[in-house]
Amino acid sequence: MRKKTWLILTALSLGLVGCVSAPQGFEPKRFDALNLKSVQLQDYDCQCKKVRLGGKVISATALKNQTKIEVLNQTVAYFSAKPIVDSHSDGRFIAYLNGFVEPENLKEQYVTVAGVLKGKETGNIDQAEYSYPVVQADQYRIWKLVKEYYYDPDDFYDYGPFRPYGWGFSSRFFWAEPRVRYNLY
């Protein structure tokens, strides 16, 4: 009986892990670098390293046959390939998307790009000169940012019927403040 229970629990847990996977084409094993920190200087000369990067789009420009985006790089989750909204940036990069993509639809959006590292491009951030890594994107995914309100589970126990005043409801339970979190879908 114990073996059977363990087998069922193992199968269920593996099934649930399979639900959290990167979109097709963004699987982590396909890439040589999954963040800017892992890119070495010699990788820029090679122009053959496959990278998966993501973050918040700062600006977008439509060119003749492609669209250029400047992205504030953020950590990308290993399995889901979503940029982590709360993470600190470790730089910026430029990505060239094939074809025309409406620049206004890209601004202030979160994006994950997959492509080949093509070198560096010099530009300015305010008055400072900056050397941007450049990615020729084969694929990209725009994520929708959703603001969610929730109550921390501790709120229910702290203000619930059994605490802090014995049996019965505390009026503080009804005034508990919801918390806010941001998720990408």
Side-chain angles (χ1 to χ4, degrees), residues 15-148 180-185:
L16 289 175
V17 168
C19 293
V20 180
S21 61
Q24 189 173 7
F26 290 96
E27 297 87 2
K29 293 183 180 182
R30 298 183 59 217
F31 301 99
D32 302 318
L34 297 174
N35 57 43
L36 281 181
K37 291 179 183 177
S38 62
V39 175
Q40 304 296 321
L41 287 175
Q42 62 268 22
D43 295 342
Y44 294 108
D45 297 332
C46 169
Q47 295 189 2
C48 62
K49 296 289 183 179
K50 290 186 174 188
V51 295
R52 181 183 79 176
L53 302 173
K56 187 174 185 178
V57 177
I58 296 172
S59 66
T61 307
L63 304 175
K64 187 172 182 176
N65 294 322
Q66 54 191 356
T67 304
K68 175 184 176 181
I69 60 174
E70 179 184 345
V71 181
L72 180 67
N73 185 54
Q74 292 177 306
T75 304
V76 174
Y78 185 79
F79 287 112
S80 67
K82 296 177 186 177
I84 299 173
V85 177
D86 299 355
S87 66
H88 293 284
S89 174
D90 56 352
R92 297 182 182 196
F93 68 92
I94 290 177
Y96 288 97
L97 311 177
N98 295 327
F100 174 78
V101 181
E102 177 60 50
E104 289 301 317
N105 291 343
L106 291 172
K107 289 180 183 173
E108 300 295 317
Q109 298 295 319
Y110 287 86
V111 67
T112 303
V113 296
V116 178
L117 190 65
K118 287 294 186 182
K120 288 193 171 196
E121 196 173 294
T122 304
N124 290 329
I125 299 174
D126 293 332
Q127 295 179 3
E129 192 170 297
Y130 189 77
S131 182
Y132 294 92
V134 176
V135 177
Q136 179 61 50
D138 300 328
Q139 309 182 54
Y140 66 95
R141 168 82 189 260
I142 299 171
W143 302 96
K144 181 179 178 182
L145 182 67
V146 176
K147 184 178 186 180
E148 297 175 339
V180 178
R181 66 178 160 219
Y182 296 92
N183 283 321
L184 296 175
Y185 294 103

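Numbering of residues begins at 1 and proceeds along the displayed sequence.
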Would you mind reporting whether Val111 and Trp143 have side-chain heavy atoms less than 4.5 Å apart?
no

Flag side-chain contact, heavy atom, 4.5 Å: Ile125 against Arg92:
yes

Do the non-hydrogen side-chain atoms of Val113 and Val71 ever get within less than 4.5 Å of each other?
no

Gap between atom CZ of Phe100 and atom CD of Gln66 - 0.5 Å precision
13.0 Å

Let me confirm one number: the NZ-CD distance from Lys107 to Glu102, rounded to the nearest 0.5 Å.
9.0 Å

How close do Ala77 and Ser80 get, counting heavy atoms only, and between which atoms?
CB-OG, 3.3 Å

Once rounded to the nearest 0.5 Å, what's the spacing between atom OH of Tyr110 and atom OH of Tyr185?
14.5 Å

What's the spacing between Leu184 CG and Ile142 CD1 if we round to 0.5 Å?
12.0 Å

Would you please test Leu117 and Val134 for side-chain contact (heavy atoms from CB on, under 4.5 Å) and show each step?
CA-CA 6 Å; Leu117 190 65; Val134 176; over 6 Å; no

Any side-chain heavy atom of Val76 within less than 4.5 Å of one from Arg52?
yes

Scan side-chain atoms only and decide if Asp86 and Gln74 contain a donor-acceptor pair under the 3.5 Å cut-off.
no

Using the side-chain contact (heavy atoms from CB on, under 4.5 Å) rule, take Tyr140 and Ile69 through it: C-alpha gap first, then chi angles, then the decisive distance, then the call.
CA-CA 11 Å; Tyr140 66 95; Ile69 60 174; over 6 Å; no

Any donor-acceptor N/O pair, Gln139 side chain to Ala114 backbone, under 3.5 Å:
no

Return yes if some donor-acceptor pair links the side-chain N/O of Asp32 with the main-chain N/O of Lys50 below 3.5 Å, else return no.
yes

Just wondering, more than 12 heavy atoms not from Gln24 lying within 6.0 Å of its CD?
no

Let me confirm one number: the OH-OG1 distance from Tyr96 to Thr67, rounded to the nearest 0.5 Å.
11.0 Å

Test your reading of the model: is there a side-chain donor-acceptor pair from Asn35 to the backbone of Lys37, 3.5 Å cut-off?
yes

Donor-acceptor under 3.5 Å (Thr122 side chain, Glu129 main chain)
no

Within a strict 4.5 Å, meaning less than it, do heavy atoms of the Val51 and Phe31 side chains meet?
no

Output for pair (Ile84 CD1, Thr75 OG1), nearest 0.5 Å, gives 5.5 Å

Heavy-atom side-chain contact between Thr112 and Phe26 under 4.5 Å
yes

Given side-chain contact (heavy atoms from CB on, under 4.5 Å), test Lys56 with Asn73 step by step and report yes or no.
CA-CA 7 Å; Lys56 187 174 185 178; Asn73 185 54; over 6 Å; no

Could you tell me whether the side chain of Glu27 and the main chain of Gly25 form a donor-acceptor pair under 3.5 Å?
yes

Using a 4.5 Å cut-off on heavy atoms from C-beta on, say whether the side chain of Ile94 contacts that of Pro133.
no

What closest approach, in Å, do Ala137 and Asn98 show between heavy atoms, and which atom pair accounts for it?
O-ND2, 3.6 Å

Verify side-chain hydrogen bond (donor to acceptor under 3.5 Å, both in side chains) between Glu148 and Tyr182, making sure each step is shown before the conclusion.
CA-CA 6 Å; Glu148 297 175 339; Tyr182 296 92; over 6 Å; no

Hey, are Glu121 and Lys68 close enough for a salt bridge, meaning a charged N less than 4.0 Å from a carboxylate O?
yes

Determine whether Lys49 and Val116 make a side-chain contact, defined as any pair of heavy atoms from C-beta on separated by less than 4.5 Å.
no

